[in-house]
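In what follows, chains carry the letters A, B, and so on, assigned in the order in which the sequence lines appear, proteins first and then strands, with residues in each chain numbered from 1.
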Amino acid sequence: MSDTSKRRLIAAGRWCFGDRPGLVLWLGLVCWFGLTWRVGFFIQDTYAMGNTLVALADGQLHVTELRYSLTFGSQPGLYEHQGQAYGRNYGMLALAVPLVWVLEAGATVVAPRLLLVGLWSGFGLLFVTQVAEFDRFDRDRTRAVGSLLVVLLFAASVLTATALPINRLPLAALQLSTILVAATAALVLYRLVGRFHGRRAGLAAGATLGIATPVGFWATLPKRHTAVAALVLGVVYAFAVSRSREGDAALRARAGAYALAGYITWIHAFEALFVVAVLGAVDLLTARDRSLRALAVVGLVLLIASTPMLATNYAISGNPAQPPRLLGGISYDAEFSPTPAGTESNGATPRGSSTTPTDGGSATPTGNEAASGGGQTNSTTGSGGTATPGATATVADGGGPAPPPVLDTIRAGTDTVSTFAGDAVVSGFAVLTQPDRLWHIFVRSGAIPSVSYGNNDYEAIDLAVLEAMPVLGALVALPVLVGRRLQAVADRSLWALDPRDWRPARQTDLLVIALGVVLTVVYLPRLPLFSTLTVRYLHPVMALGAYGVWRVPAARAGLSDTRWVVGSYLTGLAVALVVLLGGVGGLGLAVGEAVQYNALWSLAAAAVCAVAVVGWTVSARVSDRVVAVGVALPAGFTTASLLLSGLVYFRYGSYAFDVVRVLADLFPVL
Amino acid sequence: MDRWVTFAGLLVVFVLVGTGPLSGVDVTSASASTFGDGNATVSEVSVDRSELSLTPGRFGTDVTYLRVPAASVTVHSVTDRPQLLYIVSVPGLDVRLVETQVVTDAGTYRLTPDDRAMPPGRADGRYDVVLSVRLQSFTTDRTVTRTSLTVGDEQ
C-alpha cells in the first residue's frame, strides 16, 4: 500500500471512528451483539421487512415474493396500493441492501453459515489487532493470545456448524445491518460524551449503550428502533460539534444534524417530524449564526435528506407526502399473493384489503406486534377499525399515477402532520395526569391492567423503562443538580439568560432534554402496550438517557479508578448471572416469571445506583469507589439480562454461530 | 500486520473457501430440528407426575400457570433422524403443548415443554390431562406411552 493511500485510509478511519478506542469500541460491540444473534423471526413484523428487503435488493419497492412467511396470507406491516403490496421503513432497509449483495456474492464461494462465522472471526481479528496497540497491553502477546482465541471460536463454530438455507441471507443481512448500526450508535455516543468529558467518560458511555441498555437487546432484532436511536444520537452529536466550532465548520456540522434528521423521515416519518421540529427549535434558539444563508443551507440540506423518502412515497402512491404506513393495510386474513417482478398486477389484488389501516395480527410464540409504530392509528387496543383522517383523505384522491398538484400535496401533507402531531402531543400530555399508567410505563411493569397479554400467550414479558435500563437510576440525581444550578443562578446570576451564550454542553443538554421529552410524550398515548418488551417505542429516548447518565458528575467521578470500575462491573455481572440463573434453575420459572424476576432484580440494582449517585452528589462522605459500584451494578445486571434473553428466556431461529447454540444448551431451560 | 494475526486470517480464509460450494466439501450438518426417515427403539420414558400442577404465577405475573413435567426418554437403535414428540393435552382448557426433539444417537433425551400461562380465573377446576410420547419419522408414527391423569383443584 502506498503512503498516500495509507494516509487516506487513516484519515478516513479517523473521520469515522475518531481514534483507536472508538474503533475498538465499535469492533468489540459488533462481536458482542453477534454473540446472541439468531437468524430468525422474533417479532412478526420481521417477515414483512424481510420480504420487502428481498424485493428492494432486487430493485423493486413492492413485495415480489413471500420468501419468509409463517402462514399463508398477509403479514403485519404490509400495505396495499393498486394491487401491490409494499413494506415500510424503507430508509432502514436501504442500509441493508448492500449487505444482501455482499452476503449473496460471498455465498458463491463460502457456505452461508460459514460466511457468517467468517465475518465474526474477521471482526474478532480486527478487534485483536487494534486492542494490541494499546500501551496497556503487550502487543505481541495480545496478538498471539487474541488470534488463538478467535481461531478456537472459529474452529468450534465450524465443527458444530449447521446448514443455513441460502434464502435466509437477506434476513441475516437485515440483522447484520442493525448490528452495525447499534455499534455505530455506541460509537457516536462515545464521541459525543468524549467531546465534553474526555475519552474515559466517552468510552464508559459508549460501552454503557452497548452492554447496559436495550440497544443490545434490539441490535439483532431488525426493527426501526435501533436505526432511529442511532440517527437521533447522530443528530445530537452533529449539533454538539456545531456549537463548539466557528464559521463554515459550524455550519457544516449543523447541516449534518439536519441531514441525519432528514434521513429519519425515510425510516419513520412520524418520529422524524418531531426530531426535525425539536432540532429546528433548539437550533434557532442557540445558534449564533441566524443569517439567511445559514438558514437556506440547513433548509436545503433537510430537503435533500428527505428526498429519498419523498421519492419513495411518490414511486409508491404518486403522493410524496404519503408514506406507506398511511396506505391501506392488508388485512390479516386476506388471500394474498405477491406480484413477481416484471409482471402486471392484474389478478394479484389482495382480496380483503381495505383502506382502513388495520392492526391485524395474532400471537406468535414469542411476540407479535400488531399495532406497531406511531402515526398509524391512535388505538392502543389493537382492534383496528379507526379510520385515520389523513389516510382516508389521501387514499381517496391521491391514488392515481399522475402527480397531484403541488399545493394539494402540501395541503395533504400538512393536514396529515397536524392531525397526527396534534393528536399525539395533546393525548401525550393527557397521559401525564395518570400516575398509575406512568408508573407502569416507567418504573414497574408486572401485569399491567390495560395491556392485552393474550397476544403473547399471557406471558408478562413487557418491561417498564427502568426495569429495561436500570442504569437510568443515576438520573435521580438530576433534580438535585438542577436545584443547585438554579440556586447558583439566583445567588450570583451566573447563568446567561440567552441560550446563545451558553456553553456547548449546556446547549446540547437542552437539545437532548427537548428531544427526550417530545419523543416520550408523543408515544405516551400508545403506552403501555404489549410486545414492546423494553418499551421499544422509547428506544431513542433511552439512548439519550445514556448520555444523560454520563453527564451526571457523580457517575463520571466513579470512573477515576479504571481497574475498580471494571472489577465492579465484572463482579456485578457475575452476581447477576448467579442470582438470575439460580432463579431460573432453582425456582422453575416460566418465561413471564423469569422476565419479571429479572425485572425486580434490575429495579433493586437501579435503587442502589440511585442511592449511590444521589449520595455522592449531596455528601462528600460518599467515595468515588462507592459510586462506581453503584453504576456498575445495574450495568452488570443489564448485561446479564441481555445474555439470558439471548440464551435462555427467548428461543427462536438458529444461532448465527453454532458454538453459541452448544453453549446455550448447557444453560437451564425455562 | 503481525504473523499471528496473518496466520489466523489465512487459516480462516482457507477453511471458508475449502468448505464452500466450489470445493464441494460440506461441513455443515442438518439443523437440530430437521427430521427425516428412520426409526428408534424407546426403552424407557419417565415423567415426574407430581410436577404437573396449576399454580399462580409469581413475581407479579398475575396469571395461572399450567406447569408440566419434563419427560426423559431413553432411546436406542437409532437409524437416520426420527423425532420424539411429547404431547401434553388438556382438552378442558383447550391446551395442547407439543415438544419435539430430533434424535440422532442412542441416549436419554429430555423434553421440556414451556409452562402455559392462562388469564386468572380461566383454570379454576379439575381437568383431565393426557401425556403422550410419540416417535415419528417420514416412515413411522407410533405412540410409545400414553398416560391419563388430572390436574387442578376439586371444586
Side-chain angles (χ1 to χ4, degrees), chain A residues 106-115 117-118 121-122 124-126 128-129 132 139-140 143-148 150-151 154-155 158-164 365 444-447 453-454 456-460 587-600 654 658 661 669-670, chain B residues 1-34 48 51 53 55-70 95 97 99 102 110-120 122-123:
Chain A
T108 56
V109 269
V110 180
R113 175 74 69 194
L114 296 196
L115 193 59
V117 176
S121 308
L125 283 178
L126 280 176
V128 168
T129 57
R139 189 194 288 180
D140 286 338
R143 282 176 173 171
V145 173
S147 306
L148 187 66
V150 171
V151 166
F154 174 75
V158 171
L159 292 175
T160 53
T162 53
L164 179 71
R444 170 76 186 123
S445 56
Y453 287 103
N456 284 324
D457 291 335
Y458 300 99
E459 298 287 5
L587 298 171
L589 301 175
V591 181
E593 288 178 316
V595 170
Q596 291 299 326
Y597 172 78
N598 191 329
L600 289 172
S654 69
D658 285 278
R661 168 179 60 84
V669 289
L670 291 174
Chain B
M1 195 64 81
D2 175 72
R3 66 204 151 88
W4 285 103
V5 179
T6 314
F7 174 73
L10 286 176
L11 180 74
V12 168
V13 172
F14 180 76
V15 172
L16 290 184
V17 178
T19 59
L22 296 183
S23 74
V25 180
D26 187 4
V27 292
T28 57
S29 53
S31 83
S33 59
T34 308
D48 183 356
E51 284 179 21
S53 64
T55 47
R58 293 159 289 174
F59 307 108
T61 44
D62 192 29
V63 285
T64 306
Y65 274 107
L66 171 70
R67 297 179 200 270
V68 290
V95 167
L97 308 172
E99 186 71 13
V102 174
R110 200 174 155 79
L111 290 96
T112 325
D114 286 341
D115 298 340
R116 169 61 63 92
M118 281 164 288
R122 180 176 295 180

(Q) To check you understand the geometry: which heavy-atom pair defines the closest contact between B:R122 and A:Y458, and what is its length? (A)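 Closest pair (atom of B:R122, atom of A:Y458, distance): NH2-OH, 3.3 Å.
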Q) Between A:V151 and B:A8, what is the shortest heavy-atom contact and its length? A) CG2-CB, 3.5 Å
(Q) Need one label for B:V63: side chain, backbone, both or neither, based on atoms under 4.5 Å from any heavy atom in chain A. (A) side chain
Q) Which answer fits B:R110, side chain, backbone, both or neither, if we ask what part of it has an atom under 4.5 Å from a heavy atom of chain A? A)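 Answer is neither: B:R110 stays 4.5 Å or more from chain A.
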Q) Do you know which of A:L589, A:L115, A:V591 has the most heavy-atom pairs with chain B at a distance under 4.5 angstrom? A)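 Looking at each of A:L589, A:L115, A:V591 in turn, A:L589 comes out on top.
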Q) With chain B, which of A:S121, A:A594, A:A163 has the greatest number of heavy-atom pairs at distances under 4.5 Å? A) A:A163
Chain B contact via [X] - side chain, backbone, both or neither, heavy atoms under 4.5 Å:
X: A:V150; value: neither
X: A:Y597; value: both
X: A:V109; value: both
X: A:L164; value: neither
X: A:A107; value: backbone
X: A:S445; value: neither
X: A:R139; value: neither
X: A:L159; value: neither

**Q.** Contact check, side chains of B:D62 and A:Y453, non-hydrogen atoms, under 4.5 Å
**A.**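 The answer is no, as the side chains (C-beta and beyond) never meet within the 4.5 Å cut-off.
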Q | Side chains of A:L587 and B:R58 in contact at under 4.5 Å (non-hydrogen atoms) | A |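 Yes - at least one pair of side-chain heavy atoms lies under 4.5 Å apart.
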(Q) I'd like to know if the side chain of B:S29 and the backbone of A:A161 have a donor-acceptor N/O pair within less than 3.5 Å. (A)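 Looks like yes, one N/O pair under 3.5 Å.
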Q: Return yes if some donor-acceptor pair links the side-chain N/O of A:E593 with the main-chain N/O of B:G57 below 3.5 Å, else return no.
A: no
Q.
Just verifying a value: how many Å separate B:F7 CZ and A:L148 CG, rounded to the nearest 0.5 Å?
A.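 Interatomic distance, B:F7 CZ to A:L148 CG, rounded to 0.5 Å: 10.0 Å.
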Q | The single option from B:D26, B:V17, B:T19 passing side-chain contact (heavy atoms from CB on, under 4.5 Å) against A:L114 | A | B:T19
